[in-house]
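What follows is one structure encoded as structure tokens, with my remarks underneath.
Since the model is a prediction, treat every value here as computed from it, not as a measurement.
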2 protein chains.
Amino acid sequence: MTGYLLRRIPLFRMLLWSMTTTYLSAQDTTSTPVDQAVHHEFNLGTFSIGGTDVPNVKVVYGTYGHLNPKKDNAILLPSHYMADHHGYEWLIGPGLALDTARYFLVATELFGNGHSSSPSNTPRPFDGPRFPVATIRDNVEAVHRLLLEDVGVTHLKAIIGFSMGAEQAFQWAVSYPGFADCIVATAGTARAWPHGIVRLEAEIGAITQDPGFHDGDYAEQPANGINQFALVWAGWLFSQEWWRKELWKEGAPASWTMDSMVVSLEKEFSAGADANNLILQARTWMAHDVGKTPGFDGNTEKALRSIKVPVLYMPSETDLYFPVGDARYEAGFIPHVTLTPIPSLWGHPAGAAASPADKKFLNQKIAAFLKANTKR
Amino acid sequence: MTGYLLRRIPLFRMLLWSMTTTYLSAQDTTSTPVDQAVHHEFNLGTFSIGGTDVPNVKVVYGTYGHLNPKKDNAILLPSHYMADHHGYEWLIGPGLALDTARYFLVATELFGNGHSSSPSNTPRPFDGPRFPVATIRDNVEAVHRLLLEDVGVTHLKAIIGFSMGAEQAFQWAVSYPGFADCIVATAGTARAWPHGIVRLEAEIGAITQDPGFHDGDYAEQPANGINQFALVWAGWLFSQEWWRKELWKEGAPASWTMDSMVVSLEKEFSAGADANNLILQARTWMAHDVGKTPGFDGNTEKALRSIKVPVLYMPSETDLYFPVGDARYEAGFIPHVTLTPIPSLWGHPAGAAASPADKKFLNQKIAAFLKANTKR
């Protein structure tokens, strides 16, 4: 029974681990196979993370399609919480917004995801809990170098980001105003507003409270804490109406109950994750504010006003992490913004095409925006 | 510093511990002192709780004002989560909806609150984790007997309930259709919908994960678990916009920061609570569904359609526990309903007058409803 959720609704894992493709291909029989990503690893040498010089810092990324001779067909897709570079495959392929016959896609992985430099894969003295808290700006700086030095592009057609990917997209627009023709942000804001901080502190607390966490120096994962992390997260994922309408029942076996649902969320949602990685990325997330960019004096609104390129801002109407009200507030300061809320009951993951309707809506809006706002 | 929240914003404790009066009297200098409640205790003898006969079951309650000779001026105020009988004082007093010169108020306390029969105050064999999970219907049955046998009333002008108090008010309307002239429900529904179950499972998990919980047989309170419970709860209390607008800053010292705010929520919100009581009441809450009343075959909608008396249904527009959409859904089945959402950023506690504006709105609407819907 507990395996059911994993097989039938990898959605729940997808949200953290970006198994989007598996889920959608199971749901949406009209979708075509996604192009294979080519795996890359870029070594930055010694790089400043959270103000600390860390040696042998690496960023893992995937590319789809081919860079054209003029090197002007690249789009950046920065990853979301605990995702790898497969997190945007709901947008990629023939007939979708990002056709690799046309675009060259660079999908980067955040520090702390277990592949790019992370608490779990960095040697002493920066291993585990000693890994410095990376900021979104650190991630953007690393990818900026990656694009210039490893990919060989100095300009992007677009930066498209979901969730923490949206945080990065906004940071790019503030730090490197003309680097991309345009920005797309789905289910993510330019700053972690206070509610998000409270929510993520509770997630972190779920792990650190486990005596097996040992201040991050555990021999085995603190499994109870990681399960409790998942259980707390479960309440925030989808909208209350999604739960009332029991949308998880679609296609589920008749024996599936709320109880089995809750048990599965707890046991499977963050199974296999590293506790220090979960915490590190949560701290990256919650510390973010484009207003903290040098030159803006901590003023979020001033930083938003500085954005020069067109922005397609797509909050989910029912997102409990990055509520539509926060997006609407920020949009009020962005000079060239198209605010297009996603009409969905799927909460936060609506911004990563959690349902077939979300996938269709996102692809249509993003394709039209790219057509109108990128140089041909 | 940490004491500040307790002194200045007992709101955060109020929500669980109903320290409403202290908070509001500090905020709202126009309010008059609340009448003193008279404390009572009713012994039910052996009483069925969760299908188990428990000896010497008691319900604690407070009364305000005086029962008139015709015994027709009583209003029932059933308590909310972990509250005592002082939880409705935002409604009580001259100039407020419930003037004790006119009404006789009976404010009852739920099983599990630490005063009425609870895990913490019941001897073996029903102590601690062995105390059976009370249903909302058990609570209503106990109070029905209390009204008939201890208070001596066979009819009520109204039943007014906030949160779990609203759950009780709806249950009264289904179990005893004509017992009250009318029903008022603020920030609470007739059923715990699935999202509420997921949310409360995470709360319970926060406590049970603490190794000090010892399956409920602890010598000392599992303090880490109770703190983590509070931290998880904190994210659900207020609206995201309340946090973005930093409404907690009103009147706070200049030194007060988000960090001190979060620490205070964690350390003070459920300090002093008993872990088994917290869990018991959460299980009472999440198991509730008026559809489970005998005769309705588990059909919530059918039970709602059976309600005969007028209902004033006042969800908070920003409640994350009992969202306005769930209230709107239920209201669609209630024959004589006035749906009046509370326009507030204060989330769930808006339904207990968390802000002066909420207090004014609730008092005005409830006073007008009582005037129109109770026999004079």
Side-chain angles (χ1 to χ4, degrees), chain A residues 189 191 193-212 222 224-225 227-249 258-259 261-263 265-266 286 318-326 328-330 345 347, chain B residues 189 191 193-212 222 224-225 227-249 258-259 261-263 265-266 286 318-326 328-330 345 347:
Chain A
T189 55
R191 168 178 168 179
W193 292 96
H195 179 268
I197 295 171
V198 175
R199 185 178 63 77
L200 289 168
E201 285 288 1
E203 293 290 348
I204 293 168
I207 295 173
T208 59
Q209 189 204 324
D210 185 336
N224 289 336
N227 284 349
Q228 176 62 18
F229 170 97
L231 196 52
V232 176
W233 201 286
W236 294 106
L237 268 177
F238 307 107
S239 71
Q240 293 96 336
E241 190 171 351
W242 185 94
W243 287 99
R244 177 160 52 77
K245 292 188 169 168
E246 297 181 326
L247 295 189
W248 52 270
K249 275 193 171 171
M258 258 305 282
D259 282 350
M261 173 76 176
V262 171
V263 169
L265 281 166
E266 180 181 354
M286 64 200 270
T318 54
D319 192 340
L320 292 170
Y321 317 177
F322 294 108
V324 67
D326 288 354
R328 193 166 279 126
Y329 175 80
E330 291 184 357
L345 296 181
Chain B
T189 56
R191 169 178 167 178
W193 292 96
H195 179 268
I197 295 171
V198 175
R199 185 178 62 77
L200 289 168
E201 285 287 1
E203 294 290 348
I204 292 168
I207 295 173
T208 59
Q209 190 204 323
D210 185 336
N224 289 336
N227 284 348
Q228 176 62 18
F229 170 98
L231 196 52
V232 176
W233 201 285
W236 295 106
L237 269 178
F238 307 108
S239 71
Q240 293 96 336
E241 191 171 351
W242 184 93
W243 286 99
R244 177 161 53 77
K245 291 188 168 167
E246 297 181 327
L247 295 189
W248 51 271
K249 276 193 173 172
M258 257 305 282
D259 282 351
M261 174 75 176
V262 171
V263 168
L265 281 166
E266 180 181 354
M286 64 200 270
T318 54
D319 192 341
L320 293 169
Y321 316 178
F322 294 108
V324 67
D326 288 355
R328 192 166 278 125
Y329 174 79
E330 290 184 356
L345 298 180

Please report the closest heavy-atom contact between [X] and [Y], naming both atoms and the distance.
X: B:Phe238; Y: A:His195; result: O-CD2, 4.3 Å
X: A:Trp236; Y: B:Gly235; result: CH2-O, 3.1 Å
X: A:Gln228; Y: B:Ala206; result: NE2-N, 3.2 Å

Could you give the distance from CH2 (A:Trp193) to NZ (B:Lys245), rounded to the nearest 0.5 Å?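 Going from the CH2 atom of A:Trp193 to the NZ atom of B:Lys245 covers 11.0 Å.
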Are any side-chain N or O atoms of B:Arg244 and backbone N or O atoms of A:Tyr329, one a donor and one an acceptor, separated by less than 3.5 Å?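 No, because the side chain of B:Arg244 does not come within donor-acceptor range (under 3.5 Å) of the backbone of A:Tyr329.
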Residues which pass side-chain contact (heavy atoms from CB on, under 4.5 Å) with B:Ser239, listed by chain and number, not counting sequence neighbours: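 Partners of B:Ser239 by the side-chain contact (heavy atoms from CB on, under 4.5 Å) criterion, ordered by chain and then number, come out as B:Glu241, B:Trp242, B:Thr318, B:Leu345.
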Residues that A:Asp210 engages under side-chain contact (heavy atoms from CB on, under 4.5 Å), provided they are two or more places apart: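 In terms of side-chain contact (heavy atoms from CB on, under 4.5 Å), with neighbours along the sequence ignored, A:Asp210 is linked to A:Pro222, A:Asn224, B:Gln209.
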Pick one of side chain, backbone, both or neither for A:Leu320, based on which atoms fall under 4.5 Å of a heavy atom in chain B.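 For A:Leu320, backbone and side chain are both near chain B.
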